[in-house]
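In this text, all values refer to a predicted model and were calculated from it rather than measured experimentally.
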Amino acid sequence: MSRILIIEDEAAIRRVLVKILSEENDTYQVDEAEDGAVGLDKIKNNDYDLVLCDIKMPKMDGVEVLEEVKKIKPEIPMVMISGHGDMETAIHTMRLGAFDYISKPPDLNRLLNTVRNALDKKQLVVENKILKKKVSKNYEMVGESEAISHIKLMIDKVAQTEARVLITGPNGTGKELVAHQLHEKSERANYPLIEVNCAAIPSELIESELFGHVKGAFTSAVKDRAGKFEAADKGTIFLDEIGDMSLSAQAKVLRALQESMITRVGAEKDIKVDVRVVAATNKDLKTEIAEGRFREDLYHRLAVILIKVPPLNERRDDIPALIRHFAEKIASEQGNVVKVFSQPAIKLLQEYDWTGNIRELRNVVERLIILGGTEISETDVKMFASK
């Protein structure tokens, strides 16, 4: 059921609009308001999928209503109703965020098409929010240990700034979760987060991957191609395993950070980019610098904020919560009932040496769910979680 509000001071026009919409689709629930003030009050107290709003009204005109709605419920599409003398104002409302405008007297086909399009847009907004919540849940940081609480506090403080962040820690500890949280809680959250695994890209291709290339730059460059920095414009680029990046690529990344400019491989023209850089590594970059494998000037550019993610062995108090989290997630993925882990089983898992960190724990939980009993017992752990 789509809820539509019509704000119109002329009763005859209101009746026509209500009749058209009600006859067009029996899933439209149409409410009415005789002026802007009444309409705004209804919007504040109800959830509408669409608002049709006249521009010229007593007490509060349509422009004022639009401005207020964009402050309190910006996701509601607003379609403005304009008289012949209101066209300039109607166009102005589009700049303020109105979805569209229709003229009086309303053309039937234009009205219905505009309503359908506006409701489709609202549905997309809702679906995107649901999807984003699902994505956010995938990158949820589980645990309340002192170490994890400190990281969460750091993220909350740093996310809203433009400061570059270097995340350190062993493999499998969840460094990518920190990067996602930094992005999702930042002002750049509506723009892309582009991930680059520097260790997975051959050294001869890393510069093309990051900065793009022009046709003919090298043998396989058959057409121009944008790089990851351009793809992340206005968003965040996450350089994972940056300690494995070649020195030549490091020099170009340094320039991108210093000047906010990149150059595609084989090109002469500079391209301006607005990107926040978050990097991660499992290496000791101080040692890498001392041995000539990492640029010290790049390190200082990246490590404005340092966040160290501890190994699982240093946050054993979080293991029960992580087990429950993984058990629920695996059950959801497989469409099964969530299996419970007995307290002795959990206690035994807390005593293990988790060299593979959270990634290893997740694998063990999945193995126990598949091979263990209805309730995962200490015996199941001894039998199936062998190291």
Side-chain angles (χ1 to χ4, degrees), residues 141 147 150-183 185-186 188 193-212 227-233 235-263 265 270-311 314 357:
M141 295 190 70
H150 176 69
I151 290 173
K152 289 178 180 178
L153 182 62
M154 287 274 286
I155 291 170
D156 289 339
K157 285 184 176 180
V158 174
Q160 293 296 318
T161 74
E162 289 295 300
R164 299 183 196 105
V165 181
L166 178 62
I167 309 163
T168 64
N171 284 333
T173 52
K175 296 187 291 295
E176 73 281 1
L177 303 187
V178 177
H180 276 264
Q181 288 288 310
L182 285 166
H183 177 71
K185 294 187 176 185
S186 75
R188 296 174 178 265
L193 168 64
I194 303 296
E195 298 182 59
V196 182
N197 187 332
C198 302
I201 303 169
S203 58
E204 65 271 16
L205 296 178
I206 186 71
E207 291 180 39
S208 170
E209 190 73 18
L210 290 175
F211 309 112
K228 301 296 189 183
F229 268 84
E230 286 179 75
D233 192 42
T236 305
I237 188 165
F238 175 41
L239 302 176
D240 197 8
E241 304 302 350
I242 196 167
D244 293 279
M245 183 182 286
S246 67
L247 286 168
S248 60
Q250 289 176 36
K252 290 196 172 185
V253 170
L254 179 64
R255 179 178 179 249
L257 299 184
Q258 289 173 329
E259 303 174 16
S260 297
M261 303 284 283
I262 58 105
T263 307
V265 176
D270 291 335
I271 300 171
K272 189 167 182 62
V273 289
D274 173 18
V275 175
R276 183 186 191 179
V277 176
V278 175
T281 183
N282 64 350
K283 293 187 174 181
D284 182 345
L285 291 188
K286 295 283 183 71
T287 301
E288 296 296 302
I289 291 167
E291 296 179 1
R293 291 190 294 268
F294 201 83
R295 295 181 62 114
E296 186 173 11
D297 47 4
L298 177 57
Y299 173 80
H300 291 302
R301 286 279 177 179
L302 292 170
V304 177
I305 302 292
L306 273 168
I307 296 180
K308 181 182 177 183
V309 184
E314 293 180 12
N357 296 295

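Rounded to the nearest 0.5 Å, atoms NE2 (His180) and CD1 (Ile155) are 12.0 Å apart. Separation of atoms CD1 (Ile242) and CG (Asn282) is listed at 12.5 Å; rounding is to 0.5 Å. We find the CG-CZ distance between Leu285 and Arg293 to be 10.5 Å, quoted to the nearest 0.5 Å. Between the SG atom in Cys198 and the CG atom in Leu239 there is a gap of 5.0 Å [rounded to 0.5 Å]. Distance CD1/Ile237 to CG/Asp240: 11.5 Å, rounded to 0.5 Å. Between Asp297 atom CG and Leu254 atom CG the span is 4.5 Å, to the nearest 0.5 Å.
More than 12 heavy-atom neighbours from other residues, nucleotides or ligands sit within 6.0 angstrom of NZ on Lys152. The number of heavy-atom neighbours closer than 6.0 Å to NE2 of His300, taken from other residues, nucleotides and ligands shown, is above 12.
Of all heavy-atom pairs between Pro310 and Thr173, the closest is O-CG2, 3.6 Å. Of all the heavy atoms in Met141 and Val178, the pair that sits closest is CE-CG2, 4.0 Å. Of all the heavy atoms in Val196 and Leu210, the pair that sits closest is CG1-CD2, 4.0 Å. Here the shortest heavy-atom pairing between Ala280 and Phe238 reads CB-CE1, 3.5 Å. Residues Ala159 and Ser186 come closest through the heavy atom pair O-CB, 3.2 Å. Among all heavy-atom pairs drawn from Val158 and Arg276, the shortest one is O-NH2, 3.2 Å.
Taking the side chain as every heavy atom from C-beta outward, Phe229 and Ile271 never approach each other to under 4.5 Å. The shortest distance between side-chain heavy atoms of Leu302 and Val277 falls below 4.5 Å. In this structure, the side chains of Phe211 and Val253 come closer than 4.5 Å at one or more pairs of heavy atoms.
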Stepwise, does the side-chain contact (heavy atoms from CB on, under 4.5 Å) test hold for Leu182 with Val165? CA-CA 9 Å; Leu182 285 166; Val165 181; 3.9 Å; yes
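For residues 159-182, the pairs satisfying salt bridge (Lys or Arg N to Asp or Glu O under 4.0 Å) are Glu162-Arg188, with sequence neighbours left out.
Listed for the Gln160 side chain is a donor-acceptor partner under 3.5 Å among the backbone atoms of Lys185. Put simply, the side chain of Asn357 gets close to the backbone of Asn171: a donor and an acceptor are under 3.5 Å apart. Checked by atom type and distance alone, the side chain of Asp270 never pairs as donor or acceptor with a backbone atom of Thr263 at under 3.5 Å. The backbone N or O of Arg295 lies less than 3.5 Å from a partner atom in the side chain of Gln250, making a donor-acceptor pair.
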